[in-house]
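To start, the structure under review is shown below, and the notes come after it.
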Amino acid sequence: LGDSGRIKQILINILNNAIKFTKEGYVKVSIGGRPGETDDEELLILKIEDTGCGIKKEDQKKIFENFRQLNSQINRSAEGTGLGLSITKHLVELMNGKIELESVYGEGTTFTVTIPQKIVDKRTLAEVTDVPVAKTEDMEMFVANNCRALIVDDNQINRKVAKGILKRYQFDLEEAESGFEAIELVKNNEYDIIFMDHMMPEMDGIEAVRIIREECGENGKKPVIIALTANAMDGVKEKFLNSGFQDFLAKPLDRKQLNDVLLKWIPDECRGKYEPYGMRRDRQTKKNEFENINIGGIDIGEAMKYQTGTLAEYEELLRLYCMDGNRKLVLLKKLYQEKDYKDYEIEVHGLKSSSANIGAIKLSAAAKEHEEAAGRGNEEFIIKHFSELMSLYEEQLKHIQSFLAEKEDKTDNAGEERSDIDTETLEQELKEALEQLEKFHSKECLSRVERLQKYNLSDTVAAGLKEIREQLKLYEDDKAEQLLHQMLEWLNKEK
């Protein structure tokens, strides 16, 4: 039991400095512990070592002083470290801990932080998790020990659904939204398995895999690559197998088929015992929650086939679908007007699979017809039915937005009364949100924005925060940062 937020801050402060002053070699983090002075105490030990410029012996006692920049030829090019380490030492001591420094000038530095923590549960991990488990849905479940996986798909909804299904296997998961991004990641990282979408703009999955296999060295040869395709027709599997893939899965992902493919390609020695204790939800409770959802155009039974998470996670998926929908509507109309049927085929392909993932079966079927027409070069069909597809899409988005708005109203009405917030406090909160985003702490920034939304706000501020939140949810951090700057400028003008 301890202050996880402050411990994280201590780690980040020391790591920032280690990386800043390490031009070559490595920065290594080790976390461990040993028994404390009493039976209910454990000493948490954080060790951060680097092969950076090091610190002179006579300067080591000064390193924790406020704002002190040690003057040496080696570190002159870097920004000052003083305040971060001063705060770090202060935080450690406030938690009755200690921070120690070992350094050899020109060779590297090691910081060791020891913080006492209270033990609240003396059971071993085995005792906590050792419960009898039945097979999940009659599948031979397992966890993939030390397996690194990459999901490549241009559609955010599809990536989120895939991550939701794969997280139970405990992969070390990363994602890429294009073939170009995937290639760069593979060049610099070793993956055990890659799930590659077939149809993507600019570079499709087949081309991306060809480059990965041919130009990424051993990193490109090692991984098993599984194709993700919404076109599971005869002959498709052979096409992928002849193009550098080992297997393929149809979208939307079926959990049983995915499990079978993973059993086929994850070696026995990498499979661990599946322990769903604390993760597994009562199926009947989940079924009851989902059955209460009534959204026009959504077949909730179909949606449940692809949802492994909670009702709240499904609702979050619906929000992403709507936010992405506002962008996709504009893009589809633009491609139609420009008669760019190649990219039009890719976009309706994405609409088909993302709609199926949320249970919008009618819209998914309509998008499939347009995808097939574009693939055949049937311009007449597209022209005749384009307005119908757009109307169906817009109607589906309205149904979902109405459902989400009603949910938000109920949540607001069920909670406490909104309190006021003065302009100075609001401005300070927005500045701190912006600072978090500039330091790549987008989750913390999102939490702060959502907290601000619970106050009484002017229509302008409320609308601005809503748009910032949407951009953060879509991982559009640059856009969110721009909007935060604009809101701060507007507040200054208002003052």
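We're numbering straight along the sequence, starting at 1.
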Going by the rule side chain to side chain donor-acceptor pair (under 3.5 Å), which residues pair with Ser103 if we only count those two or more places apart in sequence or in a different chain? Thr109
Check side chain to side chain donor-acceptor pair (under 3.5 Å) between Gln246 and all other residues, then give those that pass, not counting sequence neighbours. Arg213
Mind checking the [atom1]-[atom2] spacing from [X] to [Y]? Nearest 0.5 Å is all I need.
X      : Y      : atom1 : atom2 : value
Cys147 : Asp172 : SG    : CG    : 9.5 Å
His441 : Ile12  : NE2   : CD1   : 4.0 Å
Leu472 : Glu467 : CG    : CD    : 11.0 Å
Arg6   : Lys8   : CZ    : NZ    : 11.5 Å
Leu11  : Phe111 : CG    : CZ    : 12.5 Å
Ile115 : Asp3   : CD1   : CG    : 9.0 Å

Output a table of donor-acceptor pairs, distance under 3.5 Å, between side-chain atoms of residues 481-490 and any protein atom two or more places apart or on a different chain; print 'none' if there are none.
none

Going by salt bridge (Lys or Arg N to Asp or Glu O under 4.0 Å), name the pairs with one or both residues in residues 32-52, residues two or more places apart or in two chains. none
Sorted by first residue and then second, give each salt bridge (Lys or Arg N to Asp or Glu O under 4.0 Å) pair with at least one member in residues 192-203; sequence neighbours left out. Asp192-Lys222, Asp197-Lys251
N/O donor-acceptor pairs under 3.5 Å from side chains in residues 90-97, not counting sequence neighbours:
unit_1 : atom_1 : unit_2 : atom_2 : d
Glu93  : OE2    : Lys89  : NZ     : 2.6

[X] versus [Y], closest heavy-atom pair with distance:
X      : Y      : result
Ala433 : Cys445 : O-SG, 3.3 Å
Leu452 : Ile421 : CD2-CD1, 3.8 Å
Ile206 : His198 : CD1-NE2, 3.9 Å
Ile157 : Tyr321 : CD1-N, 3.3 Å
Asp477 : Leu437 : O-CD2, 3.6 Å
Met200 : Ile346 : O-CD1, 3.5 Å

Donor-acceptor pair between Gln436 and Glu432 side chains, under 3.5 angstrom: no
Do side-chain atoms of [X] reach the backbone of [Y] as a donor and acceptor pair under 3.5 angstrom?
X      : Y      : answer
Asn357 : Asn158 : no
Asp324 : Leu320 : no
Thr51  : Glu24  : yes
Thr22  : Ile19  : no
Glu177 : Gln156 : no

Flag the pair Asn219 / Asn188 as yes when at least one side-chain heavy-atom distance between them is below 4.5 Å, and no otherwise. no
Non-hydrogen side-chain atoms of Glu494 and Val461 separated by less than 4.5 Å: no
Step-by-step side-chain contact (heavy atoms from CB on, under 4.5 Å) determination, Lys466 to Arg469: CA-CA 5 Å; Lys466 182 180 179 183; Arg469 179 181 180 273; 5.7 Å; no
Can you name the residues that form a side chain to side chain contact (heavy atoms under 4.5 Å, CB included) with Lys493, not counting sequence neighbours? none
Please list, chain by chain and in numerical order, all residues satisfying side chain to side chain contact (heavy atoms under 4.5 Å, CB included) with Ala162, sequence neighbours excluded. Ile151, Leu253
So Asp153 and Phe195, side-chain contact (heavy atoms from CB on, under 4.5 Å) or not? Walk me through it. CA-CA 8 Å; Asp153 198 310; Phe195 301 91; over 6 Å; no
What residues, two or more places apart in sequence or in another chain, satisfy salt bridge (charged side-chain N to carboxylate O under 4.0 Å, His left out) together with [X]?
X      : value
Lys439 : Glu435
Glu174 : Arg148
Lys187 : Glu184

Are there over 12 heavy-atom neighbours, none belonging to Asn146, within less than 6.0 Å of that residue's CG? no
Report, as yes or no, whether the 6.0 Å neighbourhood of atom CG on Asn492 holds more than 12 heavy atoms from other residues, nucleotides or ligands. yes
Stepwise, does the side-chain contact (heavy atoms from CB on, under 4.5 Å) test hold for Tyr105 with Asp59? CA-CA 10 Å; Tyr105 186 61; Asp59 288 332; over 6 Å; no
Using distance only, find each side-chain donor-acceptor pair of residues 261-268 under 3.5 Å and give its atom names and separation, not counting sequence neighbours.
unit_1 : atom_1 : unit_2 : atom_2 : d
Lys264 : NZ     : Asp247 : OD2    : 3.1
Trp265 : NE1    : Asp247 : OD2    : 3.0
Asp268 : OD1    : Arg271 : NH1    : 3.3
Asp268 : OD1    : Arg271 : NH2    : 3.0

Kindly determine whether Leu44 and Leu46 satisfy side-chain contact (heavy atoms from CB on, under 4.5 Å), including the steps that lead there. CA-CA 7 Å; Leu44 179 65; Leu46 317 175; 4.0 Å; yes
